[in-house]
There are 2 protein chains.
Amino acid sequence: MKWDALEEEPCSLARTVAVIGDRWSLLILRECFLRIRRFDDFQASLGITRHLLADRLKKLVRFGVLRKIPYQEAPKRYEYILTQKGLDLYPIIMSIVHWGNIHMVDARGRPLLHEHKSCGKMFDPVMVCSECGEPLSAKHVHVHPGPGARRSSPLHASARERTKRNAEQA
Amino acid sequence: MKWDALEEEPCSLARTVAVIGDRWSLLILRECFLRIRRFDDFQASLGITRHLLADRLKKLVRFGVLRKIPYQEAPKRYEYILTQKGLDLYPIIMSIVHWGNIHMVDARGRPLLHEHKSCGKMFDPVMVCSECGEPLSAKHVHVHPGPGARRSSPLHASARERTKRNAEQA
DNA sequence: ATTGACAGTTCTAAAATAGAACTTAAGGTC
DNA sequence: GACCTTAAGTTCTATTTTAGAACTGTCAAT
């Protein structure tokens, strides 16, 4: 599968993976949320090669996650700031950080703690149902095909059936 | 930066990216949550090359996200199921799907809808503060160094300062 | 006139990925 | 007993991506 094919998939996960699903994009976005904005600052704090950084920034701008804003004329220089679409990635970043906090920390403990300014306490993010407010778990969720589902919804046919169907078509 | 270096970073995001930060791992995990368990089924539904699939499954098992369970003897065959550590990835998957639903769907609409069995309604996931229950946004969160922070906390010194410091050291 | 900051671009070597064919092991079919 | 099928990989070559370092173009300050 080519990279571009991912964006076309009728799957919201695949399309998001097309934006953030590589080694560097999420790390760049982490820096954005920590208020890093400039090329050399990204490069210095991440140790990414300049080539890849230029490439990834271009991609994030193309997807509308970052925007280039001029901060000086002559020579014209830009900084990269999060758009609303980019700010909306916050729950993804936080859920990733939280999973790492629970499952990937070493004996020294968490690298970062998060304070919720609104209530003043150190917190963890919790994912809840928008309708009833209960915490979510996979087993209490049932998936239905939506209006944008692929005709014949292969995500709902079992892969086993699909394999057979493909074999018959061939 | 090498792949293995990521797991060693004192950053919960980087360490999680070491597990799920590539083109395929999240797609494989999506299939796991949709109850795909077997090699050929993953291969058929994703179109991933068999080589990469074998490699990624091995990696996910190594990280303790999937477990290999024998489902028949002679010839011995295994299926891959989510561990608790893997099930805990659910909020990450859901926040990614949700962002895609909001920002990446085409005119046809969402490919999938989610029903919360507990309350019977179609829902979206919402990330809230574990302490006060309010929805989270980046600007209401303040970051502190935790016990596992790098000495001299480079994530909190501005990259600009760091760049200077590095230059001085050289 | 030279040096330094900043934001890239260019180059070569190394690593990862795609795509297809091959392997191993057992069961069933003619 | 030769042959086909299922399942879960492994092996192979060609292509694409990434790493790492050096280079370019603008302008400001010394």
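Just so we're on the same page: letters track the sequence lines, and every chain starts at 1.
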Starting from [atom2] on [N], measure out to [atom1] on [X] and report it in whole angstrom.
| X | N | atom1 | atom2 | value |
| --- | --- | --- | --- | --- |
| B/Glu79 | D/dG9 | CD | P | 12 Å |
| B/Ile48 | C/dA16 | CD1 | P | 15 Å |
| B/Asp40 | D/dG9 | CG | C1' | 9 Å |
| B/Asp4 | C/dA16 | CG | C1' | 14 Å |
| B/Ile28 | D/dA8 | CD1 | P | 14 Å |
| B/Leu53 | D/dT10 | CG | P | 11 Å |
| A/Arg23 | D/dA19 | CZ | P | 6 Å |
| B/Leu27 | C/dT17 | CG | P | 13 Å |

Which one, [options], comes nearest to the side chain of [X]?
| X | options | result |
| --- | --- | --- |
| B/His51 | D/dC12, C/dA7, D/dA8 | D/dC12 |
| A/Tyr71 | D/dT17, C/dC6, C/dT9 | C/dC6 |
| A/Phe39 | D/dG9, D/dA7, C/dG8 | C/dG8 |
| B/Arg50 | D/dT17, C/dC6, D/dA8 | D/dA8 |
| B/Lys68 | D/dG25, D/dG9, C/dT17 | D/dG9 |
| B/Lys58 | C/dT9, D/dT10, C/dT10 | D/dT10 |

Is there a side-chain polar atom (N or O) of [X] under 4.0 Å from OP1 or OP2 of [N]?
| X | N | value |
| --- | --- | --- |
| A/Tyr80 | C/dC6 | no |
| A/Lys76 | D/dG25 | no |
| A/Trp24 | D/dT17 | no |
| B/Arg56 | C/dT17 | yes |

Base of D/dA7 paired with side chain of B/Arg77 (donor-acceptor, under 3.5 Å) |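 Indeed there is one.
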Identify, between A/Leu52 and A/Pro75, the residue whose nearest nucleotide on DNA chain D lies closer to the 5' end.
->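 The answer here is A/Leu52.
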Determine, using the 4.5 Å side-chain heavy-atom cutoff (strictly less than), whether B/Phe42 and B/Val61 are members of one ILVMFWY cluster.
->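 Per the 4.5 Å side-chain linkage, B/Phe42 and B/Val61 are co-clustered.
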Does A/Arg15 pair with B/Asp106 as a salt bridge, N-O distance under 4.0 Å?
->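 Salt bridge present between A/Arg15 and B/Asp106.
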Neighbour count >12 (heavy atoms, 6.0 Å) for atom NZ, A/Lys117 =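 Above 12, so yes.
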Given the side-chain rings of B/His142 and B/His144, with only the six-membered ring counted for Trp, is the space between their centroids under 6.0 Å?
->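 Judged by ring-centre distance (under 6.0 Å), B/His142 and B/His144 do meet the cut-off.
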According to the interplanar angle, ranging from 0 to 90°, do the rings of B/Tyr90 and B/Phe33 count as parallel (below 30°), tilted (30 to 60°) or perpendicular (above 60°)?
->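 Geometry flag for B/Phe33 against B/Tyr90: tilted rings.
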